[in-house]
**Student:** 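Have a look at this one before I ask anything.
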Amino acid sequence: MRNFGLIVLVFILLSQTTAAQTGYKENDTTKYTKTVTVTNSINFKTYAYYVGNDIRKISREFIGAGFSSTTIYYISNGLLTESVYVSLRDKKNYFEEHNYFVNNKMVKWENTDDKIIDSTQAAYPDKEKLILKFFEDDLKDAKKKKP
């Protein structure tokens, strides 16, 4: 079971390098008042989206040779409400995952296959901790780049 946790960790680390080339169709209808570029390199970009003075969304995109991914964090009152991860390794290998949070507690985890992962599985708390850790790191970086 420890190896599974390690695999999940590596997967999450890869998910933190993101990409808009995944084909993900975001249904976000929020009207953001500002967008700030947090990081901008050749293959990697991170954006913070504001409503007023509050960061409401962080988007991380990675485009690499043979792999692209996007991670999106939706935020309400400074807390993570949803994490979306999508990756495309080739034209036929698409993966999408959604994780939902209430008061920093993951309440639902589902993936591309519309499979809801049971909260009693050993990987569930590890996944929750990793997402929250990466979110907190990205939020901290975004706050340093105030508009």
Side-chain angles (χ1 to χ4, degrees), residues 1-89 94-112 116-147:
M1 215 50 183
R2 274 202 147 181
N3 287 340
F4 182 75
L6 181 60
I7 291 169
V8 169
L9 173 63
V10 169
F11 184 75
I12 294 299
L13 288 172
L14 288 174
S15 76
Q16 298 309 301
T17 53
T18 17
Q21 299 299 314
T22 58
Y24 177 65
K25 305 287 189 246
E26 187 176 8
N27 295 323
D28 185 8
T29 59
T30 304
K31 302 293 185 210
Y32 298 102
T33 55
K34 298 174 249 188
T35 302
V36 174
T37 302
V38 178
T39 42
N40 187 4
S41 66
I42 295 171
N43 294 358
F44 182 70
K45 295 177 180 21
T46 306
Y47 303 98
Y49 299 84
Y50 287 77
V51 174
N53 292 323
D54 298 326
I55 299 173
R56 298 289 300 276
K57 178 171 84 170
I58 298 172
S59 175
R60 303 188 75 205
E61 302 175 350
F62 172 78
I63 300 171
F67 177 79
S68 63
S69 65
T70 300
T71 301
I72 303 168
Y73 300 113
Y74 296 96
I75 306 160
S76 179
N77 297 320
L79 298 174
L80 179 64
T81 58
E82 181 182 1
S83 170
V84 177
Y85 170 78
V86 271
S87 69
L88 185 64
R89 296 178 192 263
Y94 176 83
F95 180 79
E96 184 172 324
E97 168 174 277
H98 295 257
N99 304 87
Y100 301 91
F101 291 80
V102 174
N103 294 323
N104 284 333
K105 189 81 178 150
M106 189 165 65
V107 295
K108 186 176 180 184
W109 173 9
E110 60 186 347
N111 66 22
T112 304
I116 296 175
I117 289 64
D118 185 352
S119 64
T120 62
Q121 287 191 9
Y124 201 92
D126 292 337
K127 180 74 163 186
E128 176 185 76
K129 288 175 190 172
L130 288 170
I131 291 171
L132 287 170
K133 168 71 172 122
F134 288 122
F135 164 68
E136 289 166 8
D137 290 346
D138 286 344
L139 184 60
K140 183 178 178 181
D141 289 345
K143 286 180 177 180
K144 290 178 186 175
K145 294 277 187 167
K146 283 203 171 201

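None of these values were measured; they are calculated from a predicted model.
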**Student:** Let me confirm one number: the OH-CG distance from Y73 to L139, rounded to the nearest 0.5 Å.
**Tutor:** 10.5 Å

**Student:** Could you measure the distance from the CG atom of L132 to the NZ atom of K127? Nearest 0.5 Å is fine.
**Tutor:** 11.5 Å

**Student:** Who pairs with T33 by side-chain hydrogen bond (donor to acceptor under 3.5 Å, both in side chains), at least two apart in sequence or on another chain?
**Tutor:** none

**Student:** To the nearest 0.5 Å, what is the distance between NZ (K129) and CZ (F134)?
**Tutor:** 14.0 Å

**Student:** Check ring-ring contact (aromatic ring centres under 6.0 Å, His included) between Y32 and all other residues, then give those that pass, not counting sequence neighbours.
**Tutor:** Y49

**Student:** Are any non-hydrogen side-chain atoms of F135 and I75 less than 4.5 angstrom apart?
**Tutor:** yes

**Student:** Where do E128 and M106 come nearest, in terms of heavy atoms and distance?
**Tutor:** OE2-N, 2.6 Å

**Student:** Indicate the atoms forming the closest heavy-atom contact of F101 with L80, along with that distance.
**Tutor:** CB-O, 3.2 Å

**Student:** Quick one: closest heavy-atom pair of E97 and W109, and the distance?
**Tutor:** OE1-NE1, 2.9 Å

**Student:** Can you find a pair of side-chain heavy atoms, one from T37 and one from K45, that are under 4.5 Å apart?
**Tutor:** no

**Student:** With rounding to the nearest 0.5 angstrom, report the NZ to OG1 distance, K31 to T29.
**Tutor:** 7.0 Å

**Student:** Roughly how far apart are K57 NZ and I72 CD1, rounded to 0.5 Å?
**Tutor:** 5.5 Å

**Student:** Between K145 and D141 (salt bridge meaning N to carboxylate O under 4.0 Å), is one present in this structure?
**Tutor:** no

**Student:** To the nearest 0.5 Å, how far apart are OG1 in T39 and OH in Y47?
**Tutor:** 8.5 Å

**Student:** Below 4.5 Å, heavy atoms only, C-beta onward: do Y124 and D118 meet side chain to side chain?
**Tutor:** no

